[in-house]
Amino acid sequence: MFRSGYHAASVRDICAAAGAPQGSFTNHFRSKEAFAVEVLDQYFEYLKRLVRDALDDESLTPRQRLQRYMEIITDKLERDRWMIGCLIGDFSLQASSHSKPLRKRLDAIFQEWRALFAGCIAAGQSAGEIESNFEATDLAEFLLASWEGAILRMKVERNPAALERFKAIIFETVFKQPQKFAASKRQRRAGKLSTAKSKRHRK
């Protein structure tokens with residue numbers, strides 16, 4: 001389904017790839033739609049682990065965690081030679097207009113996915129690292145929708161230009177560090193250096 005697409009991957013193709021008789025498929029799944037929902041669930045569980053690897057890293061600031069997530073995904077897309085994108089985005093294009101069960105599952109996935117990013121963005125807003133002109137949920141929605149669009153363009157072009165362009169622009173506009181935060185960060189760094197020098201001088 002990832003490589004061929006939802007419509008092009010027939011039940012016969014799926015069973016052949018799995019080395020399983022078609023009877024086993026029908027015993028486990030009442031339809032290809034039901035199978036696709038299971039595929040989405042497993043893929044999203046995998047994706048959430050990648051999200052948490054980046055967004056739960058407390059050694060990074062919230063803004064840096066967002067950047068880290070995109071770098072993790074970019075590295076994985078590169079390993080697939082820019083040919084394979086995001087299954088959630090692919091299914092959203094291929095199946096959501098034809099399948100109500102898949103559309104409902106995709107909507108629930110996007111809401112859960114958005115909440116993970118909204119929490120990180122809200123933490124950045126509380127720390128003053130991200131502007132608070134917009135709600136964290138709205139920014140998370142914008143981030144995901146735009147990132148998925150960049151991945152689709154990447155698949156067409158078979159190169160990372162769309163991804164790199166998106167990352168460069170969004171972190172210099174929507175997620176640009178406020179000047180007050182940057183100045184405060186420099187002051188804290190200068191204070192730490194001054195303290196360290198003072199300790200060395202006393203020794």
Side-chain angles (χ1 to χ4, degrees), residues 1-56 65-66 69-70 72-122 134-158 162-163 166 170:
M1 281 193 163
F2 216 151
R3 295 185 181 277
S4 302
Y6 175 75
H7 294 295
S10 67
V11 171
R12 180 178 296 177
D13 294 333
I14 293 165
C15 290
Q22 282 191 238
S24 296
F25 185 97
T26 55
N27 283 338
H28 285 85
F29 305 101
R30 63 182 181 275
S31 65
K32 190 170 84 167
E33 279 181 326
F35 174 74
V37 169
E38 180 69 23
V39 169
L40 275 173
D41 287 347
Q42 294 210 20
Y43 178 79
F44 188 46
E45 285 302 316
Y46 156 76
L47 189 59
K48 283 192 290 187
R49 289 196 294 272
L50 298 182
V51 173
R52 293 190 178 106
D53 283 347
L55 302 192
D56 292 348
R65 293 172 206 171
L66 296 175
Y69 170 76
M70 292 185 185
I72 289 172
I73 298 301
T74 300
D75 288 345
K76 299 189 77 61
L77 295 172
E78 182 178 16
R79 286 198 290 273
D80 290 323
R81 295 180 294 175
W82 318 113
M83 296 170 62
I84 299 176
C86 172
L87 190 66
I88 295 168
D90 291 347
F91 272 33
S92 297
L93 286 176
Q94 298 166 7
S96 61
S97 60
H98 304 288
S99 169
K100 185 177 179 180
L102 279 173
R103 182 177 58 79
K104 289 178 67 176
R105 182 63 191 125
L106 285 162
D107 183 49
I109 283 173
F110 272 116
Q111 290 189 43
E112 185 177 350
W113 199 5
R114 179 184 65 193
L116 296 173
F117 282 93
C120 181
I121 292 168
F134 295 94
E135 294 290 332
T137 299
D138 291 338
L139 290 176
E141 186 73 54
F142 174 78
L143 174 65
L144 280 175
S146 303
W147 180 238
E148 286 294 306
I151 290 175
L152 289 174
R153 184 62 181 272
M154 172 214 77
K155 287 179 64 179
V156 172
E157 297 175 345
R158 299 289 172 87
L163 305 178
F166 171 75
I170 199 166

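Along the sequence shown, the residues carry numbers beginning at 1.
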Residue pairs passing the ring pair (Phe, Tyr, Trp, His ring centres under 6.0 Å) test where at least one lies in residues 3-24, sequence neighbours excluded: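 Applying ring pair (Phe, Tyr, Trp, His ring centres under 6.0 Å) to every pair that reaches into residues 3-24, excluding sequence neighbours, yields Y6-F91, H7-H98.
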The criterion is side chain to side chain donor-acceptor pair (under 3.5 Å); which residues satisfy it with [X], sequence neighbours excluded?
X: D41; result: R105
X: D56; result: none
X: D138; result: none

Residues which pass salt bridge (Lys or Arg N to Asp or Glu O under 4.0 Å) with E135, listed by chain and number, not counting sequence neighbours: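 If we apply the salt bridge (Lys or Arg N to Asp or Glu O under 4.0 Å) test to E135, skipping adjacent residues, there are no hits.
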Measuring from atom OG1 of T74 to atom CZ of F166, what distance do you get when rounded to the nearest 0.5 angstrom?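 Between atom OG1 of T74 and atom CZ of F166 there are 10.0 Å.
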Summary of side chain to side chain donor-acceptor pair (under 3.5 Å) pairs that have at least one residue in residues 20-34, sequence neighbours excluded: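 Only E33-S99 qualify under side chain to side chain donor-acceptor pair (under 3.5 Å).
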Can you pull the side chain to side chain donor-acceptor pair (under 3.5 Å) pairs that have at least one residue in residues 46-55, sequence neighbours excluded?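 Output for this query lists E45-K48, Y46-K76, K48-E112.
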Can you name the residues that form a side-chain contact (heavy atoms from CB on, under 4.5 Å) with F2, not counting sequence neighbours?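 With sequence neighbours excluded, F2 shows a side-chain contact (heavy atoms from CB on, under 4.5 Å) to Y43, I84, L87, D90, given in chain and number order.
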Mind checking what makes side-chain contact (heavy atoms from CB on, under 4.5 Å) contact with L144, not counting sequence neighbours?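 Only W113, R114, F117 meet the side-chain contact (heavy atoms from CB on, under 4.5 Å) criterion with L144.
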Run the ring-ring contact (aromatic ring centres under 6.0 Å, His included) test against W82 and tell me which residues pass, sequence neighbours left out.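 Per chain and number, W82 pairs via ring-ring contact (aromatic ring centres under 6.0 Å, His included) with no residue.
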Check ring-ring contact (aromatic ring centres under 6.0 Å, His included) between F35 and all other residues, then give those that pass, not counting sequence neighbours.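 Result, ring-ring contact (aromatic ring centres under 6.0 Å, His included) vs F35: F25, F29.
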